[in-house]
Amino acid sequence: MPERVMFVQLKTGHDTDSGPAWISYVRFSKSWQTAYWHGRRLRRGRGMYDANFYDVDTDEEYWLSGPHRDRADTRYRGVRPEIDDDVRPAYEAFLRGDPLPGRERG
């Protein structure tokens with residue numbers, strides 16, 4: 001399964017862009033329709049207002065995207081994500097200008 005460094009934010013139960021967020025490794029199915037993160041199975045959703053994935057077990061909605069070098073990962077709020085220990089070296093290298101693992105060609 002492809003694995004990517006991603007920005008993940010919980011949307012359910014929080015005002016726009018104010019939910020907790022993480023920089024984490026996320027594994028994706030071959031079709032990229034299902035993401036596996038922190039023991040959760042997230043499925044790509046359609047027609048959701050402020051999210052692009054939902055937890056198939058809890059229906060919680062999440063926003064997943066590639067992280068931004070300028071750390072402006074949220075649109076309206078300055079939420080700082082928690083950085084998982086296993087992704088920290090790759091993420092810090094990305095912030096210094098290196099490509100993300102798996103994204104060396106764009």
J.: Distance from F7 atom CZ to H68 atom NE2, nearest 0.5 Å?
T.: 8.0 Å

J.: Applying side chain to side chain donor-acceptor pair (under 3.5 Å), name anything that partners D73, two or more places apart in sequence or on another chain.
T.: none

J.: Examine distances only and state if a side-chain atom of D55 and a backbone atom of T58 form a donor-acceptor pair shorter than 3.5 Å.
T.: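 Yes, D55 side chain to T58 backbone: donor-acceptor pair under 3.5 Å.
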
J.: Tell me every residue that passes side chain to side chain donor-acceptor pair (under 3.5 Å) with T12, counting only those two or more places apart in sequence or in another chain.
T.: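 Side chain to side chain donor-acceptor pair (under 3.5 Å) list for T12, sorted by chain: empty.
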
J.: Quick one: list whatever passes ring pair (Phe, Tyr, Trp, His ring centres under 6.0 Å) with F53, sequence neighbours left out.
T.: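 Testing F53 for ring pair (Phe, Tyr, Trp, His ring centres under 6.0 Å), a comparison that skips the adjacent residues, returns none.
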
J.: When clusters are formed by joining ILVMFWY residues with side-chain heavy atoms under 4.5 Å apart, either directly or through shared neighbours, do W37 and V56 land in the same one?
T.: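 Looking at the clustering, V56 is in a separate group from W37.
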
J.: Determine whether a donor-acceptor pair (N or O, by modelled atom type, separation under 3.5 Å) exists between the side chain of R43 and the backbone of Q33.
T.: no

J.: W22: what forms a side chain to side chain donor-acceptor pair (under 3.5 Å) with it, not counting sequence neighbours?
T.: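 Once residues adjacent in sequence are excluded, W22 has no partner under the side chain to side chain donor-acceptor pair (under 3.5 Å) criterion.
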
J.: Indicate every side-chain donor-acceptor pair of residues 79-88 with a distance under 3.5 Å to a residue at least two apart or in another chain.
T.:
{"residue": "D84", "atom": "OD2", "partner": "S24", "partner atom": "OG", "Å": "2.6"}
{"residue": "D84", "atom": "OD2", "partner": "H38", "partner atom": "NE2", "Å": "2.7"}
{"residue": "R88", "atom": "NH2", "partner": "I83", "partner atom": "O", "Å": "3.3"}

J.: If only atom types and distance count, is the side chain of T34 paired as donor or acceptor with the main-chain N or O of S29 below 3.5 Å?
T.: no

J.: To the nearest 0.5 Å, tell me how far M6 CE sits from L42 CG.
T.: 10.5 Å

J.: What residues, two or more places apart in sequence or in another chain, satisfy salt bridge (charged side-chain N to carboxylate O under 4.0 Å, His left out) together with E60?
T.: R40

J.: Tell me which one of V8, N52, D50 satisfies side chain to side chain contact (heavy atoms under 4.5 Å, CB included) with W63.
T.: N52

J.: Please walk me through it: do E3 and F28 pass side-chain contact (heavy atoms from CB on, under 4.5 Å)?
T.: CA-CA 6 Å; E3 185 175 66; F28 289 91; over 6 Å; no

J.: Keeping the roles fixed (side chain from Q9, backbone from G19), state whether a donor-acceptor pair exists under 3.5 Å.
T.: yes

J.: Check whether L10 and M48 end up in the same hydrophobic cluster, where Ile, Leu, Val, Met, Phe, Trp and Tyr are linked by side-chain heavy atoms less than 4.5 Å apart.
T.: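 Not linked; separate clusters.
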
J.: For residues D17 and K11, report the shortest heavy-atom separation together with the two atoms involved.
T.: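 Answer, listing the atom of D17 first, then K11: OD1-NZ, 2.5 Å.
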
J.: Can you name the nearest heavy-atom pair linking R44 to W32, along with the distance?
T.: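 In terms of heavy atoms, the two residues are closest at NH2-O, 3.0 Å.
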
J.: Given 3.5 Å as the limit, does a donor-acceptor pair link the side chain of R4 with the main chain of G66, or not?
T.: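 No, the answer is negative, given that no donor and acceptor are paired below the 3.5 Å cut-off.
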
J.: Give the minimum heavy-atom separation between P20 and H14, together with the two atoms involved.
T.: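 Taking P20 first and H14 second, the nearest heavy atoms are CD-NE2, 3.4 Å.
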
